[in-house]
Structures are given as C-alpha cells and as structure tokens.
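Reviewing the structure listed below.
Since the structure is predicted, the reported quantities are computational estimates derived from the model, not experimental observations.
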Amino acid sequence: MSCDLSDLAITEAYDEIVSGQETNWLILGYHDTRDKISLYSKGSGGLDELRNNLKEEVLYGFLRIENRFVLLTYVSEQVSGVRRARALVHGRAVGALFKAHQIQINASTPNDLTETNVRNRLKLGDPADSPSTQKRLNSTPSPTAQSPSSPKPNQEADLGEAANRQESERRAQEEAERQSREKGERDAADRRKAEQVAREAAQRRALEEAEKKKNEALEQERKEKAAAEAKIKAENDRKAREEAERKRTEELRSKFAELEKSGKVTLSGYITVQGGGVYFWKRRFFELRGKTLYLFRDETDKLPISKLELDGQVTGVTDAQSEVLILNSFKVDFRSSEPYYFFSDDKKDKESFVAAIGRYVSTK
C-alpha cells in the first residue's frame, strides 16, 4: 500500500515553508488516483487560508506558525473505511518526507483546526495587544474688552445745548450699562443651566453604567451557575455511562468465563484485522476457544489461517479510533510481538470482543 510522492512541486513548496519564505502552508491530495499524491495548493495566509482550502476527501497538510511546523492528516467524515485505512499508511510516508514537523494533528472537520487548538498543541501563547494613547488639547479664548469713548462737548454751543447733550450722553451711558448687566446676568444664567444639564447627563450616565455593570454581573453569575450545573450533570452522566459499561463488561466476562470452563466457543463472528507484519486490513471470521483466538478466511473453513495465544501475552487493549481514524477500532498489545489492530462492524460487537480479550490482560 505504498504511495507515490514524486511530484517535484511538493518538495519545492516544502522547502519554501521550512526556509522561512512567504509561503507558510501547503495541501496534498490524490486527484482521483489511488496512491499518487500531488500538490493541491499552497499559500501565505496561514491557518485560516489552509482551512478554507480543505475538501471532503483525504488530504495531507504542512503548516508553519511562528517558526514551528505542523503535519496535518485530514480525513473527512464522508470518507469510507478502506480509504481511511489507506490514509493511515500513506500518512506515515508523508510524515517521513516532511521531517521538520514538531507535531502531527489528525482532523475530520475544519472545526478541529481552530487557531486556539493548533497554538495550544504547539505550546504557543496568544500575542499581546499594545494599547494606544491619545492626547487632547484645550484652548480658552481670551475675551477682549472695548472702552467706550465719550464725546467732547461742543465748545461753540451755548450752555443749554451743552447741558442737554451731557444729559443725553449720561442716559445713553446708563442704558448701555443696564444692557451690559442684563446680558451678563443672561450669560451667567445660561452657564448655570448648561452646567446643570451637564451634571444631570453625567449622573444619568453614571446610573446607566452602574445598572449595566449590575446586569453584567448578574449575567456572569447566571452563566457561571449554568456552567457549574452543566459540568456536574456531565460528570454524573459520565459516571453513569462508565458504571453501565463496567457492569456490562463484568457480565460479559462472567459469561465468557463460564463458556471457557465448558470448553465451548466463547465468542465468534466477523472482524477486520491488521497486524502480524501485514499492513493491509483483512476481514476474517474468528473463534475464541479457551485462551486462543483463531482466525479463518470465512466461517466455512475448517482450519484457521492463524492463531493468537492470549494467556499471559496480552499487555493492553485500548481504543484506536484517534490513531487509525476508523469507528469501533481498537488495539491489542502483545508481550512478544507487535500490536494488532481490529475494528468491528458496530459498537456492540466491539464491546463484546474487548471484554473477551480484556480478560487476558497481564502486566507482569
């Protein structure tokens, strides 16, 4: 199940990324072929641009973030099980070609590749924002005053005309002073009114701000309470599921132990397996008799094509979906040989198989 990575554009784009040039991401794909991998696209827009170029198929990506490198295996949820298995093998070849990567991420939707998730995997913090400052300049105009000039009496007029003129000037002066006082009083009243309006507006804003903060505090308290309740519920649900699974596993193990004592076949059916030096997925009929797992080509065969001794050899049974990207998959580790990978047709079959094999786990 080897793949062809001879496309020169792949190594050219890879060299641009690792050498610090403008290009900082690339995507590889099959172009409707079985095993020939070629360059789909590359760019300098970082993770967002890479994510926007993902398609609903098997893809491989390489990304630079702050001089650190990420290897990506993207298998859409719409991809079949056979193509998922091929992606597991081909992904190792791509990883061997892109040696500069510090981490590898397996994803099935663009939502798995958020900026926060990738940066956390790379152990990079968020960049701090620098606050900006502003200056305000106020200027106050200086009023200018004008002094009225008094007319000089006509030296040539008679005393009566001079007295009348002086009286008129006095009255005019008094009228001007009165108007000036009234204007000053109006201006002072206007200033007091403006100051009062400003004070009321400031008080209103302060009350609104206080009300806003109060509502925000209440909303935050509500959210925290809801989050705490949701956390408690989730924890209770998790414990209930684990307890149900534990009871089911105990029941299955008890049933298998009784069957084993009677010498009957403990468990049988079809399962898909990879291991024993073979990196192809093979669908086999199996029988668990005693402490040995027998594998047949199909249920009509009389003789098994291989068998696995379980007693004292099994060191662990773990879920393998994140590793092989296949539902209902798991890995069985052996003391004296490499691990075997299995996946069942449904969750119930997987639980039965894991419970049966798990009886033989030994850490000694």
Side-chain angles (χ1 to χ4, degrees), residues 24-25 43-54 56 61 63-78 101-141 187-247 319 321-322 325 327 347:
N24 57 21
W25 65 268
S44 59
L47 178 60
D48 287 341
E49 189 176 27
L50 180 147
R51 190 166 52 234
N52 291 335
N53 280 270
L54 294 175
E56 297 301 319
L63 170 68
R64 183 184 72 231
I65 299 180
E66 295 185 13
N67 294 322
R68 295 180 68 82
F69 303 99
V70 180
L71 175 64
L72 167 66
T73 300
Y74 182 82
V75 182
S76 168
E77 294 177 343
Q78 301 178 13
H101 69 276
Q102 281 90 19
I103 64 168
Q104 179 175 354
I105 296 178
N106 297 324
S108 57
T109 69
N111 292 335
D112 297 334
L113 299 172
T114 64
E115 183 80 14
T116 299
N117 288 344
V118 175
R119 293 182 70 88
N120 286 342
R121 288 288 304 278
L122 286 170
K123 295 182 170 49
L124 296 173
D126 294 332
D129 297 326
S130 299
S132 60
T133 59
Q134 297 181 347
K135 296 182 178 180
R136 297 179 179 176
L137 299 176
N138 298 321
S139 60
T140 304
D187 292 344
D190 290 342
R191 284 194 300 272
R192 288 193 296 271
K193 183 177 180 179
E195 291 171 355
Q196 179 65 23
V197 171
R199 283 194 298 271
E200 291 175 354
Q203 292 173 354
R204 186 169 59 254
R205 287 194 298 270
L207 290 174
E208 291 174 351
E209 183 65 22
E211 184 68 17
K212 178 182 177 182
K213 289 183 178 180
K214 178 182 177 181
N215 291 336
E216 288 176 349
L218 291 174
E219 178 65 14
Q220 181 64 26
E221 181 180 353
R222 184 192 66 78
K223 289 181 178 179
E224 291 176 354
K225 182 179 180 181
E229 292 175 350
K231 184 177 180 180
I232 293 172
K233 183 179 183 302
E235 180 65 15
N236 291 336
D237 292 344
R238 182 188 64 79
K239 290 180 179 179
R241 288 194 302 271
E242 290 179 351
E243 180 63 17
E245 291 175 359
R246 185 188 64 79
K247 288 182 179 179
D319 189 90
Q321 181 173 342
S322 63
L325 305 176
L327 289 175
K347 184 178 180 181

### Task
To the nearest 0.5 angstrom, please state how far the CG atom of Leu207 sits from the CZ atom of Arg204.
9.5 Å

### Query
So, for His101 and Val70, which heavy atoms are closest and what is the spacing to 0.1 Å?
CB-C, 4.3 Å

### Message
Looking at every non-hydrogen atom in both residues, tell me the closest pair between Arg64 and Phe69 and how far apart they are.
### Response
CG-CE2, 3.5 Å

### Message
My understanding is that only residues two or more places apart in sequence, or in another chain, count here; which of them pass side chain to side chain donor-acceptor pair (under 3.5 Å) with Glu229?
### Response
none

### Query
Could you give the distance from CD (Glu56) to OG1 (Thr109), rounded to the nearest 0.5 Å?
9.0 Å

### Non-neighbouring partners of Glu235 that pass side chain to side chain donor-acceptor pair (under 3.5 Å), sequence neighbours left out
Arg238

### Task
Find out whether Asn106 and Val75 are in side-chain contact, i.e. whether some heavy atom of one side chain is under 4.5 Å from a heavy atom of the other.
no

### Query
With sequence neighbours excluded, what pairs up with Glu243 under the salt bridge (charged side-chain N to carboxylate O under 4.0 Å, His left out) test?
Arg246

#### Entry: Closest contact, heavy atoms only, Thr114 versus Asn111
CG2-O, 3.3 Å

### salt bridge (charged side-chain N to carboxylate O under 4.0 Å, His left out) contacts touching residues 209-224 (sequence neighbours left out)
Glu219-Arg222

### Query
Taking NZ, NE, NH1 and NH2 as the nitrogens, is one of them in Asp237 or Lys233 under 4.0 Å from a carboxylate oxygen of the other?
yes

### Query
NZ of Lys123 to CD1 of Ile103: how many Å apart, nearest 0.5 Å?
8.5 Å

### Task
Could you please spell out the steps behind the side chain to side chain contact (heavy atoms under 4.5 Å, CB included) verdict for Leu113 and Asn117?
CA-CA 6 Å; Leu113 299 172; Asn117 288 344; over 6 Å; no

### Summary
On a heavy-atom basis, the closest approach of Arg68 and Leu122 is NE-O, 3.3 Å

### Task
Working to the nearest 0.5 Å, report the span between CD of Glu208 and CG of Asn215.
11.5 Å

#### Entry: Residues that Arg51 engages under salt bridge (charged side-chain N to carboxylate O under 4.0 Å, His left out), provided they are two or more places apart
Asp48

### Task
State, to 0.1 Å, how close Tyr74 and Pro110 come at their nearest heavy-atom pair, and which atoms those are.
OH-CD, 3.3 Å

### Asp187: partners by salt bridge (charged side-chain N to carboxylate O under 4.0 Å, His left out), with sequence neighbours left out
Lys183

### Message
Apply side chain to side chain contact (heavy atoms under 4.5 Å, CB included) to residues Leu63 and Leu72 and explain how you reach the verdict.
### Response
CA-CA 8 Å; Leu63 170 68; Leu72 167 66; over 6 Å; no

### Message
Less than 4.5 Å apart, side chain to side chain, heavy atoms only: is that true for Glu66 and Arg119?
### Response
yes

